[in-house]
Structure formats: structure tokens, C-alpha cells
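Below is one structure, written out as C-alpha cells, with a few remarks after it.
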Amino acid sequence: MSAAAIATAPPVSRFAPSPTGELHLGNARTALFNLLLARHSGGRFLLRIEDTDPGRSLETHAQALLADLRWLGLDWDAGPDCEDERGPYRQSQRGALYARNLARLEQQGAVYPCFCTPEELELSRRAQRAAGRPPRYDGTCRGLDAVERARRAAAGRGASLRFRVPQGARLEFTDFVHGPQSFLSDDIGDFIVRRADGSAAFLFANAVDDASMGVSQVLRGEDHLTNTPRQLLILGSLGLPAPAYGHVALIVGADGAPLSKRHGAVSVREYRERGYEPQALVNHLFRLGHASALHGLATLAEMAAAFDAAHLGRAPARFDEQQLAVWQRDVVRRLSPAAARSWLAPVLPPGLDADAAEALAAALLPNLTLPADARPWIEIVFGGPPPLTESAAALVRGAGAAYFAAAAAAAAAHGDDLAAIAAAVRAATGRRGAELYMPLRAALTGLEHGPELAPLLRAMPPGKAHERLARFA
RNA sequence: GCUCCCUUCGUCUAGAGGCCCAGGACAUAGCCCUCUCAAGGCUGUAACACCGGUUCGAAUCCGGUAGGGAGCGCCA
């Protein structure tokens with residue numbers, strides 16, 4: 001393939017989570033950016049499940065991961081549930097490929113068996129730290145000869161396979177987010193590519209898979225930046241093509257510290273359960289660590305068109321729930337009546353019919369961020385006569401009995417029609433504007449602030465308005 | 001400890017030596033509109049972490065300091 005052909009080939013990106021827990025906000029953003037990267041140029045976006053660690057990988061987590069990604073609207077072109085010829089897309093099913101490539105490394109002498117036990121390694125690391133040195137593999141098994149290896153193997157000691165990192169070499173690559181990077185190979189210890197149980201280690205499986213799946217761009221978290229030279233070493237020994245690597249800074253909490261449980265929700269699931277809309281979450285994540293000229297709510301297609309890897313940020317971005325709430329309100333206000341009804345469903349009184357639910361949603365939506373915010377209003381709409389705040393009570397007293405006599409009579413005659421009630425009160429009292437409406441609001445809701453009165457009245461069960469107005473007549 | 005990464009308004013960011021006494025969006029404040037809140041319209045407040053150097057000129061280049069983060073795992 002010529003250089004020009006490579007340059008114009010559509011990109012292939014991927015998201016490669018390991019099913020050891022829930023989909024984290026940071027990973028969700030990584031998935032989003034990779035999807036956008038591919039879609040921007042008509043490329044392909046792959047989903048690969050990295051379940052090489054059987055002890056920590058759970059099928060339920062894998063399923064939840066797919067469900068969360070789908071909920072966000074992030075669809076993949078190939079993955080564990082839609083295989084193609086580059087698959088399978090679960091690392092646990094790619095053992096043969098790893099074994100083949102591992103064998104090639106063994107033939108070249110690029111790797112060597114290591115008989116050190118985890119305990120020995122831990123001890124060595126501790127000693128190095130104590131001596132003020134970087135904790136790296138000390139090379140115990142690096143120079144073992146065939147006889148010695150055979151003896152240890154015969155003694156039943158399981159062996160892992162380590163990559164023989166060249167000494168005195170400078171490892172360079174260009175990160176498409178951070179620019180030129182340079183590492184000294186001497187700062188990298190010989191690392192494990194195959195565990196003693198025969199399974200492939202992350203560094204190895206991940207790199208080999210990217211190459212064999214034709215991934216052209218690897219956009220991942222900055223925690224992998226220093227892994228990159230290792231993976232380049234592996235790929236180089238195997239003669240496999242290396243993708244372009246780009247690393248985005250991790251997302252941090254509102255206080256600038258790494259996102260953790262103490263920041264509250266950190267998983268996509270938690271936001272979904274609290275009633276956040278996927279479009280709100282995606283819009284917020286899109287602006288974190290990425291700049292575009294896009295303003296206002298955008299669709300994934302619009303984001304893809306606007307996405308530009310050159311505008312990926314290098315500094316950690318704060319996940320600020322206040323900003324998320326802005327997007328959320330924007331999305332909520334645009335919900336269709338049917339969508340609004342199901343969004344609100346978790347807090348709706350049981351047995352409420354569809355029409356009543358839609359009327360309620362229509363009244364409340366402009367004032368809500370999350371379904372839970374509707375609770376006090378639902379109590380006001382469906383519960384008993386609400387207690388008045390002090391200032392609401394003052395408003396009611398100021399209006400007087402004649403005012404409410406007129407209002408109650410109109411409510412009895414016209415039900416939930418605010419215009420009719422207001423007209424009657426105006427005729428009886430000559431009041432207009434706030435003077436006219438505020439006592440009605442106070443008597444009906446007990447408060448001075450809230451959603452528009454007219455739709456609120458329409459959401460109330462018949463007779464409620466009259467009952468509440470009549471108590472002051 | 002060693003290596004690497006990062007640092008522009010409250011937040012997300014634009015900015016690749018003069019176009020920047022730093023632009024946009026969101027948030028926020030005031031005004032208008034309005035039955036309140038929200039929405040909408042208008043106006044405003046608000047930042048180059050710090051110290052040196054290079055240069056006629058630095059947010060932009062170089063060095064250092066401080067602060068934050070990551071990696072150094074038979075985790076990924």
C-alpha cells in the first residue's frame with residue numbers, strides 16, 4: 001500500500017474495555033471520541049472486550065457494558081455481538097492468535113521464561129524502592145541458560161514470559177495528541193507478555209489485537225502513555241504495523257482530583273438510573289477535553305462532523321455536574337409528551353392514566369432537571385390542600401374573601417380553566433397582573449414560585465382547584 | 001524515588017511571537033419581557049500558576065519553581 005493510500009484510508013478506531021466493573025464516565029468519553037473519530041471520516045469503530053483476566057472479568061459486566069454503550073447511542077460496526085472476519089471480539093477467544101505470536105517471539109529470543117514468584121518480585125520491588133531506585137524487574141531470569149531453565153521447569157516452577165527490553169535504546173513515537181515522545185529503554189523493565197497460567201498479558205494482547213484488527217488510531221487514556229513504548233517494542237519484534245497513538249488526559253472531579261466514588265456518581269449506570277438523558281451525558285462528555293465550534297445540543301452525527309483530533313486537549317478536564325445539568329435541562333425541555341411521560345414514570349403516582357400523566361409532564365417539565373425534582377410538585381398537584389408559606393399566606397390575606405369567592409365560583413363553573421377563573425376574579429376585584437395571579441398561585445400551590453399555573457391547573461384532578469380556592473372564600 | 005504528562009475567566013475551551021490591555025460557550029450578575037420560576041432578548045463581571053531568560057515584541061520559544069496527574073503489577 002502506498003503512503004498516499006494509507007493517508008486516505010478510512011480510519012479504524014476501537015474501544016477496548018475490560019469487563020471488570022461498570023462503564024466509567026472516563027471510559028464512556030473514550031468510547032465516544034473513538035466513535036466520533038471513525039464516523040468523522042467514514043471509518044469503522046470496533047468494540048473489543050478485553051477479558052484476558054478470568055479472575056476479574058465477568059460476563060454480567062460485559063453485558064452491562066454493551067447495554068450502557070447502547071443506551072448512550074454509541075453503536076459499533078463490529079464487536080462481540082456482531083462479529084466479522086477480524087474477530088472474535090473477545091480476547092478470551094483469541095488465545096490461538098496470541099499463542100502464535102508468542103511462539104514467534106520465543107523463536108527470536110525476544111522473550112524469555114521467568115520463574116520468579118509474585119512474592120519474590122514484590123520483595124525485590126520493595127527493596128528497590130527502599131534503596132530509592134525505580135521498582136523494575138531486576139533481571140533475575142534474564143540470563144538463565146537452557147540447563148538452568150530446564151532444571152527450574154522440572155522443579156515444577158511455573159514460568160511467565162518476559163519481553164527482553166533492549167538496553168540503551170531510545171524509543172520514540174509521535175502521539176497525535178501530545179506530539180513527539182521520547183523514552184529511554186533503560187527506564188523500562190522487562191515486562192510480562194504471558195502469565196504463568198499461559199494467558200496473554202494486557203500489553204501484549206492489546207497491541208497484537210490492534211494490529212490484527214487493522215486499527216489505525218488508538219485514542220485512549222493518558223494512563224497508557226508510558227505503555228506505548230512497550231507496545232511499540234512488541235509490535236516491532238513481530239513486524240506488525242503500529243497504529244497511531246493518542247492519549248487524552250483523564251477526567252477529574254469538580255475539585256480537580258481523580259474521579260472517584262467520593263465525587264458521587266462515576267458510572268454511566270448511576271446517571272441513567274437518576275434520570276439523566278443519554279443525549280445530555282454525551283453532549284457534556286463531548287466538550288470535555290475537546291474543542292469545537294459546536295454550540296448547543298448536538299446529535300452524534302453533528303458531533304462526528306465537528307470532531308477533530310487536532311482539538312483534543314492535553315489537560316485534565318473536570319466533570320462538573322452543574323454543567324451536565326444544563327444539558328440535561330435542555331434535553332428534558334425538548335422531550336416529546338410520550339417520552340416525557342416515560343421519563344417521569346418512576347415518580348408518577350401509581351394508576352395515573354396516560355392523559356393525566358402527559359398533562360402533568362407538560363406542566364412540570366420546564367422546571368425539572370431530574371424526575372426526582374417532580375416529587376414535591378406531584379404532592380402539590382395530587383395531595384391534600386398544601387400548607388402555605390408565610391408570604392403565600394400574606395398574599396392570600398391581602399386578596400380577601402371576595403376575591404376567593406369569585407375565584408371559587410368560577411372554578412366550580414369552569415373547572416380547571418385558569419383563564420376563566422382569572423377573568424372572573426378580575427371582574428369582581430379589578431385586579432390585574434401579579435395582583436391578580438399571585439394570590440391564585442399562593443392558594444393553589446402554597447408557594448410563590450413554580451411552573452406555569454394554567455398547565456398546572458389542567459394537571460390537577462377535577463375539583464381540587466375549587467376546593468383550594470373555596471377554603472379562603 | 002525514577003520516568004513521563006499537564007497548568008488560559010467559576011467550568012469547558014480558542015490561541016501554534018505582533019491580528020490578544022486574550023475570543024467563544026455554559027455558569028453568574030443586572031435590565032427587558034412576564035402571574036412566579038424557567039425560557040427568550042440585551043448588557044456586564046471574570047483568566048494567560050509563579051520567577052527568570054530570548055526577542056523590537058511572549059499566553060505563545062527556553063530554563064527553573066510551585067501545584068496537579070499518570071506510569072514503574074503474572075491489573076487493565
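The figures that follow rest on heavy atoms only: side chains count, while hydrogens, waters and symmetry mates do not. Protein chains get the first letters and strands the later ones, always in sequence-line order, with residue 1 at the start of each.
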key: For D190(A), the option from R142(A), R162(A), R164(A) that meets side chain to side chain donor-acceptor pair (under 3.5 Å)   = R142(A)

query = Does N367(A) get its side chain close enough to the base of C37(B), under 3.5 Å, for a donor-acceptor pair?
reply = yes

request  = For R230(A) and C74(B), give me the distance from atom CZ to atom C1', rounded to whole Å.
outcome  = 15 Å

request  = State whether the distance check finds a donor on one side and an acceptor on the other, under 3.5 Å, for side chain R441(A) versus base C35(B).
outcome  = yes

request  = Using atom types as modelled and distance alone, determine if a side-chain donor or acceptor of R29(A) lies under 3.5 Å from a backbone N or O of L288(A).
outcome  = yes

key: Span that lies between the C1' atom of A49(B) and that of C6(B), in whole angstrom   = 12 Å

remark   = To the nearest angstrom, the CG-P distance between N227(A) and C4(B) comes to 16 Å

message = Rounding to an integer number of angstrom, what distance separates U7(B) and U65(B) when you compare their C1' atoms?
response = 13 Å

message = Suppose you measure atom C1' in C74(B) against the same atom in G69(B); what distance do you get, rounded to whole Å?
response = 27 Å

message = Using Watson-Crick or G-U wobble geometry with both distances under 3.5 Å, which nucleotide pairs with U28(B)?
response = G44(B)

task = Provide the distance between the two C1' atoms, one in C48(B) and one in U8(B), to the nearest whole Å.
result = 4 Å

inquiry  = Just the rounded figure in Å: distance from P of U11(B) to CZ of R318(A).
reply    = 5 Å

message = Give me the distance, rounded to whole Å, that separates A27(B) from G17(B) when you measure between the P atoms they each carry.
response = 34 Å

Side chain to side chain, R287(A) and L294(A), heavy atoms closer than 4.5 Å = yes

key: Separation between the C1' atoms of U55(B) and U60(B), rounded to whole Å   = 13 Å

ask   = Can a donor-acceptor pair under 3.5 Å be found between the side-chain atoms of Q323(A) and the base atoms of C26(B)?
value = yes

key: Distance, C1' atom - from G23(B) to A16(B), rounded to whole angstrom   = 16 Å

inquiry  = Students often mix this up, so state it plainly: with edges at 30° and 60°, are the rings of F307(A) and F33(A) parallel, tilted or perpendicular?
reply    = tilted

task = Using the P atom as the reference point in each nucleotide, state the distance between C12(B) and A59(B) in Å, no decimals.
result = 22 Å

message = Between E277(A) and W343(A), is there a side-chain heavy-atom distance shorter than 4.5 Å?
response = yes

query = Where the side chain of R471(A) meets the backbone of R468(A), is there a donor-acceptor pair that is under 3.5 Å apart?
reply = yes

query = Any donor-acceptor pair under 3.5 Å between the side chain of D320(A) and the base of A27(B)?
reply = no

task = Check the distance between G10(B)'s C1' and L324(A)'s CG and give it to me in whole angstrom.
result = 17 Å

query = Now, which nucleotide makes the Watson-Crick or G-U wobble pair with A14(B), with each of the two distances under 3.5 Å?
reply = none

Pairing partner of G57(B) (Watson-Crick or G-U wobble, both distances under 3.5 Å) = none

query = Using the ring of each side chain (for Trp, its six-membered ring), is H247(A) parallel, tilted or perpendicular to Y245(A), with breaks at 30° and 60°?
reply = parallel

request  = Answer yes when E379(A) and R375(A) have at least one side-chain N-carboxylate O distance shorter than 4.0 Å, and no when they do not.
outcome  = no

query = Does R152(A) reach the side chain of L144(A), with side-chain heavy atoms less than 4.5 Å apart?
reply = yes

A66(B) pairs with, by Watson-Crick or G-U criteria that keep both distances under 3.5 Å = U7(B)

request  = With the side chain of P135(A) defined as its heavy atoms from C-beta on, choose the nearest nucleotide among A14(B), G73(B), C2(B).
outcome  = G73(B)

query = Taking atom P of A39(B) as reference, at what distance in whole Å does atom CG of L368(A) sit?
reply = 13 Å

inquiry  = So if I take residues 281-291 of chain A and measure heavy-atom distances to RNA chain B, which residues fall below 4.0 Å?
reply    = R287(A), L288(A), G289(A), H290(A), A291(A)

task = Name the closest nucleotide to the A315(A) side chain, picking from C74(B), G69(B), C6(B).
result = C6(B)

note = A38(B) -> Watson-Crick or G-U wobble partner, both distances under 3.5 Å, gives none

key: Worked verdict on R195(A) versus D53(A) for salt bridge (Lys or Arg N to Asp or Glu O under 4.0 Å)   = CA-CA 10 Å; R195(A) 304 186 188 98; D53(A) 184 350; 5.2 Å; no

request  = Measure from CD on Q128(A) to C1' on G71(B) and round the result to the nearest Å.
outcome  = 15 Å

request  = Could you let me know what G1(B) is paired to, Watson-Crick or G-U wobble, both distances under 3.5 Å, or none if it's on its own?
outcome  = C72(B)

Spacing of D138(A) atom CG relative to C2(B) atom P, expressed in whole Å = 20 Å

ask   = What residues in residues 162-175 of chain A put a non-hydrogen atom under 4.0 Å from any atom of RNA chain B?
value = R162(A)

query = Are N27(A) and F15(A) close enough, and set up right, to give a side-chain contact (heavy atoms from CB on, under 4.5 Å), and what steps lead you there?
reply = CA-CA 9 Å; N27(A) 285 140; F15(A) 177 54; 3.8 Å; yes

query = To the nearest Å, how far apart are H224(A) NE2 and C72(B) P?
reply = 10 Å

